Amino acid sequence: MSYDHKTIEAKWQKLWEQDRTFYTEVDESRPKFYNVCMYPYPSGALHQGHVRNYTYGDLLTRYKRMRGYNVLSPMGWDSFGLPAENAAIKSGIHPKVNTENQIDKMKTQIRQLGSMYDWDRELASHDPRFYKFDQWLFLELYRKGLAYKQEGLVNWCPNDQTVLANEQVVDGLCERCDTPVEKKTLAQWYFKITDFADRLLDDIEKLEHWPERVKLMQKNWIGRSEGARFTIQVDGGGEFDVFTTRPDTVFGMTFCVLAPEHPLVDEIIQGSETEAQAREYIEAAGRATDVERMAEGGKTGVFTGSYAINPVNDKRVPIYIADYVLMGYGTGAIMAVPGQDERDWEFAAKFGIDIIRTVEPPADFEGDAYVGDGPTINSDFLDGLGRDEAIASIIQWLEERGIGEGKVEYRLRDWLISRQRYWGSPIPIVNCESCGMVEVPFEDLPVLLPHIEDYMPKGQSPLAAEASFVNTTCPECDGPATRETDTMDTFVDSSWYFFRYADVENTNAMFERSKPAYWMPVDQYIGGIEHAVLHLLYARFITKFLYDEGLSTVEEPFARLFTQGMITLDGAKMSKSKGNVVDPLALFASHGADALRLYHLFIGPPTDDAGWNDRGVDGTRRFLDRVWRIATTDAELSDRAESDADRELVGLAHRTLKKVTEDIDRFHFNTAVPALMVLSNEFNTYLGEEPRQATYDEVLKMLLLMLSPMTPHIAHEIWEIKGYGSLLALQAWPEFDPELAREETAMLIVQVNGKVRDRLEVPADITADNAEEMALASEKIQTWLEDGELKKVIARPPNLVNLVIA
RNA sequence: GCGGGAGUGGCGAAACGGUAUACGCGAUGGUCUCAAACACCAUUGUCCGAGAGGACGUGUGGGUUCGACUCCCACCUCCCGCACCA
């Protein structure tokens, strides 16, 4: 017997929506719970990753509500950006039309899952009402000197025809299309996230309820290094700065290296014997993608013909160009100390350069460069000092002479936010011949993205070809001017959208301070691990900026972060291109949303990747059919007096409640579900043995209340059929009663030397002495005791007695 | 190389230092049925044994403990992140 999930699920989805059950207002009388799932890019097709994400989110919405919280769970669309635009290009439908179609489709599908949102707060980043405030944010940052345009070496994806942020380059490949990223020198817009590097790093400590893994990834990404920066003179004129974390080893400097892109290079190779060779090397390094540069086996480089003077001992050392030194980090130049640095050692060995040790390695040290601690040697006034003392001492020495200082460097670079693509928010800046760069005034926002037919990427923004967009008048002098034609990275949208849900209608401001003041921070944020350093770092940055502006009341946006594992099929990530997707829509039809939701909860630990198994959904559906049968049983329910069987079943229900509650609170859904299965199995057995009406109703109610956040449709339907009260979603989570949960008897395990030799049923309140007595009285145990002398008894009533014999 | 996580049945996986393998899937046998499906019942780590029962068993090797999947040390394998960051 199988229940009619199609009718039931459609019925309740409609009803919850009509009743506006999950629409929320500020309510100071209850604690708030702001529950957000990362808003999706509207691909038009719900996949199992979404289902997993929204199942967790909806479970929490419903559960927290039953626990008395005022829960806000909104939904929106990450509808600007490369993925949406590329999908439009592929389909040949204009991005706006295509994106809006996809949103409609996905919204329908999300509703079929039965996951509930306050749709009054729905937002989409391609909506001018939304991106108006991308532009406002941009201008706020600009005024504070935190948005700037600068020419520099940038990552360029030749396939997507746009620049990319460092965070969007993965292993030298474009994050979106896996094309090797090239380097180009271009003038681009940046947000100065590096100004926030220390705060972003330090505040990671405050993120108690974030996964360690994500915090660590952010720490590594920010990459703080303490060291020193100092100036080195070139013999014959010129100078350059170097950064090092080991200034204590400066006496061991036997050469210097400049990055091929270093500005001084051109000057010092001029007229040298190796000039031709050097120019060729620089040119090749410029052509190479990061992948090629990294793939290079062994170090390469060219002598410049020039020498540097070591400031501590006036020694002349050769200057090389080598691509193992990166222009983008530190100063793009290093002092090379092969004795204490593995990379420098490798280079020195290859090029026959002297190697001097300045740190005494331990006697048993074998190997090349020694990077560990030890007394300083061969270093004049630093000799004998440990590393930290030597570093402090040399920094003081450099500072006294005005040639250097202690310095902190970060791996984090500024966030490159301009894109040479159509589908994004236009940058609200006008270039005027006489006034220069001018802000678009607030009253002229949003700078609307015009509808254009030729939106294909072409290396510069397609907007540049749109004269009616480009040509404008200067807001300051009314003279002729042109607009910026690049659009913003879609990660700008996602860095603040969670504030906007709190005040989504506002046309005058991103939001009124008091609105998110009630809801923020997001109490639970759920999404994929792939955003660990992209979205989650940017969102923290922008939140800190809004805090500094007095707009945000919180410095950190997400109090609790949960990153779900991936659903895989035969060990591989499900993806449309691989053709190994299991379509949720087909499962809505065949098994129902409830069975699918339950399978996602049951499949394994939520943080872990989990392998999909079609039969697994059969299993959760079978379970729901069993619940349905229990609810519609034709067993005769009597009004006899309460028996042990009744007390046992009610006791189990309460123990189940305790476990399910604890498991939900710590996101162990995969163990909460089996607990409910055990309860329903016992319930089913009970129905075959003279069931009693009162017990039946009591346990069924508890079962339905516990199921309602997981499988809301079937739970609501049964609740209604049984006439158990008003709408199940509005019921309170049941109260655990330890008295009822208590068990009368326990299984006493009797061990001999740690091995199980007997099991005895004993009263649950048995004393240690009685347990020992019963254990010793057991016939099976007697035979084991014959083998030796009883040395010791460990009794842990009521479950364990261990007899130690020898 | 650095950092993190994980290794348990045929499979997904459970297990505050105390019954290893709950629950689900799959498999085998049975009941129901004209038959099938559904459902229900039983069995299902390996080896020895007719059985009672016993031995072994959570990647490998040690250790701590009355007792170790769990704690400690060393190693192996896999996954993830960062990676010539000075």
Side-chain angles (χ1 to χ4, degrees), chain A residues 1-2 170-172 211-221 223-225 227 242-247 249 256-257 259 293-294 296 298-300 322-326 328-337 340-344 346-347 371 409-413 529-530 532-533 565-566 571 598-599 602-605 607-620 622-623 625-626 629 668 670-678 680-681 684-685 688 747-759 780 783 791-796 799-806:
Chain A
M1 187 172 33
S2 192
V170 178
D171 293 335
E212 286 305 317
R213 176 158 79 126
V214 174
K215 294 199 274 187
L216 209 78
M217 282 163 74
Q218 293 213 353
K219 270 183 208 166
N220 291 341
W221 190 262
R224 187 179 198 271
S225 295
V242 295
F243 172 73
T244 176
T245 53
R246 294 295 305 273
T249 65
C256 287
V257 183
R293 256 165 93 150
M294 288 189 290
E296 219 34 70
K299 300 262 178 293
T300 60
D323 66 5
Y324 82 92
V325 172
L326 309 174
Y329 182 78
T331 61
I334 61 160
M335 67 164 201
V337 184
Q340 264 60 58
D341 184 284
E342 283 159 0
R343 295 150 303 180
D344 295 346
E346 187 190 337
F347 192 88
V371 299
E409 284 286 345
Y410 301 89
R411 187 172 306 181
L412 181 71
R413 317 289 158 80
I529 186 72
E530 66 273 19
V533 286
M566 246 178 2
L598 197 63
Y599 178 55
F602 183 55
I603 191 169
T607 42
D608 293 4
D609 289 354
W612 180 268
N613 175 2
D614 282 333
R615 312 309 297 267
V617 203
D618 293 345
T620 51
R622 257 194 288 257
F623 164 73
D625 281 333
R626 182 175 308 130
R629 277 198 308 278
H668 285 203
N670 58 314
T671 51
V673 177
L676 292 168
M677 288 174 167
V678 170
S680 73
N681 288 345
N684 200 42
T685 306
M747 185 64 76
L748 179 72
I749 302 303
V750 185
Q751 296 180 335
V752 177
N753 288 346
K755 288 188 189 294
V756 179
R757 297 305 182 191
D758 201 5
R759 289 149 216 256
K780 282 182 190 166
T783 59
K791 292 281 189 195
K792 195 174 173 185
V793 179
I794 288 109
R796 296 278 179 277
N799 296 112
L800 183 110
V801 170
N802 187 16
L803 305 170
V804 185
I805 65 170

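Not measured: the values here are computed from a predicted model. A note on names: the letters A, B, ... follow the listed sequences, proteins ahead of strands, and every chain is numbered from 1.
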Residue whose closest nucleotide on RNA chain B lies nearer the 5' end, A/T620 versus A/I603: A/I603
With sequence neighbours excluded, residues passing ring pair (Phe, Tyr, Trp, His ring centres under 6.0 Å) with A/F347: A/F255, A/Y320, A/Y324, A/F351
Sub-3.5 Å pairs of nitrogen or oxygen atoms, protein against nucleotides 20-23 of chain B:
none

Distance between P atoms of B/A74 and B/G5 (Å, rounded): 16 Å
Protein-nucleotide distance (A/W221, atom CH2; B/C80, atom P), rounded to Å: 17 Å
Closest nucleotide among B/C66, B/A13, B/A86 to the A/P605 side chain: B/A13
Syn/anti state of B/G9 by chi, 90° boundary around 0: syn
Under 4.0 angstrom between A/R629 side-chain N/O and B/C40 OP1 or OP2: yes
Candidate list A/I603, A/V673, A/L676, test side chain to side chain contact (heavy atoms under 4.5 Å, CB included), partner A/L598, passing option: A/V673
Pairwise C1' distance, B/C23 and B/A14 [rounded to whole Å]: 8 Å
Residues forming a side-chain contact (heavy atoms from CB on, under 4.5 Å) with A/N799, sequence neighbours excluded: A/A746
Any residue meeting side-chain hydrogen bond (donor to acceptor under 3.5 Å, both in side chains) with A/T671, in chain and number order, not counting sequence neighbours: A/D663
Side chain proximity check, A/N753 to A/V804, heavy atoms < 4.5 angstrom: yes
side-chain hydrogen bond (donor to acceptor under 3.5 Å, both in side chains) partners for A/D758, two or more places apart: A/S778
Qualifying residues under side-chain hydrogen bond (donor to acceptor under 3.5 Å, both in side chains), relative to A/N681, sequence neighbours excluded: A/R626
Set of residues satisfying ring pair (Phe, Tyr, Trp, His ring centres under 6.0 Å) with respect to A/W612, sequence neighbours excluded: A/Y599, A/H600
Phosphate OP1/OP2 of B/G26 contacted by A/R622 side-chain N/O (<4.0 Å): yes
Sugar-phosphate, base or nothing in reach of A/G619, heavy atoms under 4.0 Å: sugar-phosphate
Any A/R626 side-chain N or O less than 4.0 Å from OP1/OP2 of B/C40: yes
Rounded distance (Å) that lies between atom P of B/A83 and atom CG of A/D323: 16 Å
Comparing A/M217 and A/M335 on RNA chain B - which has the more 5′ nearest nucleotide: A/M217
Whole-Å gap separating P (B/G1) and CD (A/E342): 10 Å
Interatomic distance at C1', B/G12 relative to B/C56, whole Å: 26 Å
Contacts of type side-chain hydrogen bond (donor to acceptor under 3.5 Å, both in side chains), residue A/R757, not counting sequence neighbours: none
Separation between the C1' atoms of B/U65 and B/G10, rounded to whole Å: 35 Å
B/A83 and B/G1, which share atom name C1', separated by this distance in whole Å: 8 Å
Distances under 3.5 Å between protein N/O atoms and the N/O atoms of nucleotides 6-10 of chain B, please, pair by pair.
none

side-chain N/O A/K755 vs B/G54 OP1/OP2, d < 4.0 Å: no
C1' atoms of B/G59 and B/C69, separation to the nearest Å: 12 Å
Those residues that, when tested against A/D344, pass salt bridge (charged side-chain N to carboxylate O under 4.0 Å, His left out) (two or more places apart): none
Watson-Crick or G-U stems involving RNA chain B, each at least 3 pairs long, distances under 3.5 Å, ordered by first number: B:1-7 with B:76-82, B:10-12 with B:23-25, B:26-31 with B:39-44, B:45-48 with B:53-56, B:59-63 with B:71-75
Whole-Å distance separating the CZ atom of A/R224 from the P atom of B/C2: 23 Å
What protein N or O atoms touch nucleotides 48-53 of chain B N or O atoms at under 3.5 angstrom, if any, and at what distances?
none

Sugar-phosphate, base or nothing in reach of A/N799, heavy atoms under 4.0 Å: nothing
Euclidean distance for C1', B/G57 against B/A20 (whole angstrom): 9 Å
Interatomic distance, A/D758 CG vs B/G54 P [rounded to whole Å]: 10 Å
Sugar-phosphate, base or nothing in reach of A/R796, heavy atoms under 4.0 Å: base
Of the listed nucleotides B/G3, B/A14, B/G12, the one nearest the side chain of A/L216: B/G3
Any A/R615 side-chain N or O less than 4.0 Å from OP1/OP2 of B/G26: yes
B/G7 versus B/C75 - spacing of their C1' atoms, nearest Å: 14 Å
